[in-house]
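Below is one structure; the comments refer to it alone.
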Amino acid sequence: MRGPPVRSLHICASIVLLALLCIHESSGNSLGYSALEERRADLLLPQISPTATPQPFLPLLAPSPLTPFTNSTIPKLSGICVLNFTSLSNMMMVTSTDCMAAFAPVLANVVCCPQVEATLAILIGQSSKYTNTLALNGTLAAHCLSDFQQILVGQGANDSLSKICSIHSSNLTGGSCPISDVSEFESTVETSNLLAACGKIDSVNECCEQVCQNAVLDAARKLAQKAYSLLALDDSHVLSDHTTRINDCKSIVLRWLGSKLEPSRAKEVLRGISNCRINKGCPLNFPNMSHVIEGCGAGKSNQTACCSSVENYVSHLQRQSFVTNLQALNCAASLGVRLRKANITKNVYSQCHISLKDFSLQESGCLLPSLPSDVIFDQSAGVSFVCDLNDNIPAPWPATTQLPASSCNKTAVKIPALPAVASGQSNFQQKGANYIPSLTAFVAILIVV
């Protein structure tokens, strides 16, 4: 939104405030910061002259590692689950870090939940080497999900992952897919084609070319088709039932890939596929926009009042979740279409200086990369994640009242898949007489416990 470019350098301190707010809220205290907390927060901000050239703002480092990661609790496991959590201990720790207690809700859509889903699929896939099945029965699924969550929570993860990620014990079963036996799976599906397409995916181009996704869909259809050899249902029932069945069979296919690929490679494939789905939509909820319509509607000429209402509305969106750069593009389109349908035809994004970063969490905006990423935990530095501060891209105003068909067609807006600079140093590119700062940092999360 409006303001000098140096505001983007305050992202670390803004996230520090978020961390403190999360801890403050979870302890049952009232929302908001006291005067003392505000003064403490001010001390964390970099001292930058309004007229000076912005300098690189290195990440803040936590004075000590987070307590949940250094004093893990011992979970009480059922002793019944067949999943070998120990064999994937490193991946389990990554999942715990991705879903750390304070930040799981705001990282859920992009980081936490995709990692949880991938880890569960790989766990079941790896266990199929010994059980010869790619699904758990209802009883085992309930025990395994409970054990899975207890292990994660013991390592510092949020204790409400089932709610945050909508994970239920039924997600560990075969659902309505008629085949979960490994031998039957491999006799039904052209496994060589599946491995050729998904053994290694091009994370940048997979979402548009859909090489692996098409192979997974083809395999899922073949599995689902087995259910109809003896069934005679009306067309409408078959159509709705078949869609659900194919989705359930997709889970079976992904678990099989998790059994055949080395775990780190399987994670790369599964996270890459899930990111294609993630980047197609906008995870934000758009509240009532009557104030924006009132301030910017047809016949309204007060630009200051209009921009004030737009900025106030966007500030509410910023409290919801971190988003990727592609999600921000979709969110900008979604809001723009809603405003156009409300008879606001002038480009309020340009008029009010709304950028893509304004659709992500924090006042200055932090866009996560469009490719899969994880939260990073370091014993000495604490917790950090990649925050792409390069995308100072104006939010595009929609030309019509229809949403764009696909991000693959959005050639007019250049979105980097990964940050160009990941060292916390600045990189300047000269274009004519203008110097455009390009800064990407590992944003360290400081939590005082």
Is there side-chain contact between [X] and [Y], with at least one heavy-atom pair below 4.5 Å?
| X | Y | result |
| --- | --- | --- |
| Tyr313 | His291 | no |
| Lys267 | Val94 | yes |
| Thr97 | Ile376 | no |
| Phe286 | Leu335 | yes |
| Trp397 | Lys346 | no |
| Phe103 | Val375 | no |
| Asn109 | Val323 | no |
| Ser350 | Pro394 | no |

*When you take the SG atom of each Cys, Cys113 and Cys165, is the space between them under 2.5 Å?*
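Cys113 pairs with Cys165 as a disulfide (SG atoms under 2.5 Å apart), so yes.
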Report yes or no: does [X] contribute a side-chain atom to a donor-acceptor pair with the main-chain N or O of [Y] at less than 3.5 Å?
| X | Y | result |
| --- | --- | --- |
| Gln327 | Pro283 | no |
| Ser146 | His143 | no |
| Gln210 | Gln213 | no |
| Asn247 | Thr244 | no |
| Asn193 | Ala215 | no |
| Glu268 | Lys200 | no |
| Glu262 | Ser264 | yes |
| Asn330 | Cys282 | no |
| Ser128 | Gly125 | yes |

Could you pull out the closest heavy-atom pair between [X] and [Y], with the gap in Å?
| X | Y | answer |
| --- | --- | --- |
| Val386 | Leu368 | O-CD2, 3.3 Å |
| Ser373 | Pro369 | OG-CD, 4.4 Å |
| Arg340 | Thr401 | CB-CG2, 3.9 Å |
| Pro372 | Asn275 | N-ND2, 3.4 Å |
| Leu223 | Pro178 | O-CG, 3.0 Å |
| Val269 | Cys212 | CG1-SG, 4.1 Å |

*Report the C-alpha separation of Leu88 and Ile122 in whole Å, then their side-chain angles, then the decisive distance to 0.1 Å, and conclude whether the side chain to side chain contact (heavy atoms under 4.5 Å, CB included) test is met.*
CA-CA 9 Å; Leu88 294 180; Ile122 296 170; 3.7 Å; yes
Straight-line distance of [X] [atom1] to [Y] [atom2], nearest 0.5 Å:
| X | Y | atom1 | atom2 | result |
| --- | --- | --- | --- | --- |
| Gln149 | Cys144 | CD | SG | 11.5 Å |
| Leu367 | Leu361 | CG | CG | 11.0 Å |
| Leu261 | Cys198 | CG | SG | 8.0 Å |
| Thr131 | Asp181 | OG1 | CG | 9.5 Å |
| Glu186 | Leu134 | CD | CG | 8.5 Å |
| Glu184 | Asn132 | CD | CG | 10.5 Å |

*Between Phe359 and Tyr349, what is the ring plane arrangement, given parallel below 30°, perpendicular above 60°, and tilted in between?*
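If you compare the ring of Phe359 with that of Tyr349, the planes turn out perpendicular.
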*Measure the acute angle between the ring planes of Phe185 and Trp256, then classify it against the limits of 30° and 60° as parallel, tilted or perpendicular.*
parallel
_Audit row: Thr119, Thr95, side-chain hydrogen bond (donor to acceptor under 3.5 Å, both in side chains) steps and yes/no_ = CA-CA 8 Å; Thr119 303; Thr95 307; 2.8 Å; yes
*Does the pair Val337 and Gln402 meet the rule for a side chain to side chain contact (heavy atoms under 4.5 Å, CB included), with working shown?*
CA-CA 6 Å; Val337 166; Gln402 300 297 320; over 6 Å; no
*asked:* I need the full list of salt bridge (Lys or Arg N to Asp or Glu O under 4.0 Å) pairs touching residues 110-133, with sequence neighbours left out, sorted by first then second residue.
replied: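 Non-adjacent pairs meeting salt bridge (Lys or Arg N to Asp or Glu O under 4.0 Å): Glu117-Arg277.
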*Side chains of Asn279 and Thr324: donor-acceptor distance under 3.5 Å anywhere?*
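Looking only at side-chain atoms, Thr324 and Asn279 do form a donor-acceptor pair, the distance falling under 3.5 Å.
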*Side chains of Gln126 and Ser87: do they bring a donor and an acceptor to under 3.5 Å?*
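No, no side-chain donor-acceptor contact under 3.5 Å.
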*asked:* Is there a side chain to side chain contact (heavy atoms under 4.5 Å, CB included) between Val216 and Leu254? Walk through the geometry before answering.
replied: CA-CA 8 Å; Val216 169; Leu254 296 179; 4.2 Å; yes
*Give the C-alpha distance, both sets of side-chain angles, the deciding distance and a yes or no for disulfide bond (SG atoms under 2.5 Å apart) between Cys207 and Cys276.*
CA-CA 5 Å; Cys207 295; Cys276 294; 2.2 Å; yes
*Please step through side chain to side chain contact (heavy atoms under 4.5 Å, CB included) for the pair Leu329 and Asn325, ending with a clear verdict.*
CA-CA 6 Å; Leu329 195 60; Asn325 42 30; over 6 Å; no
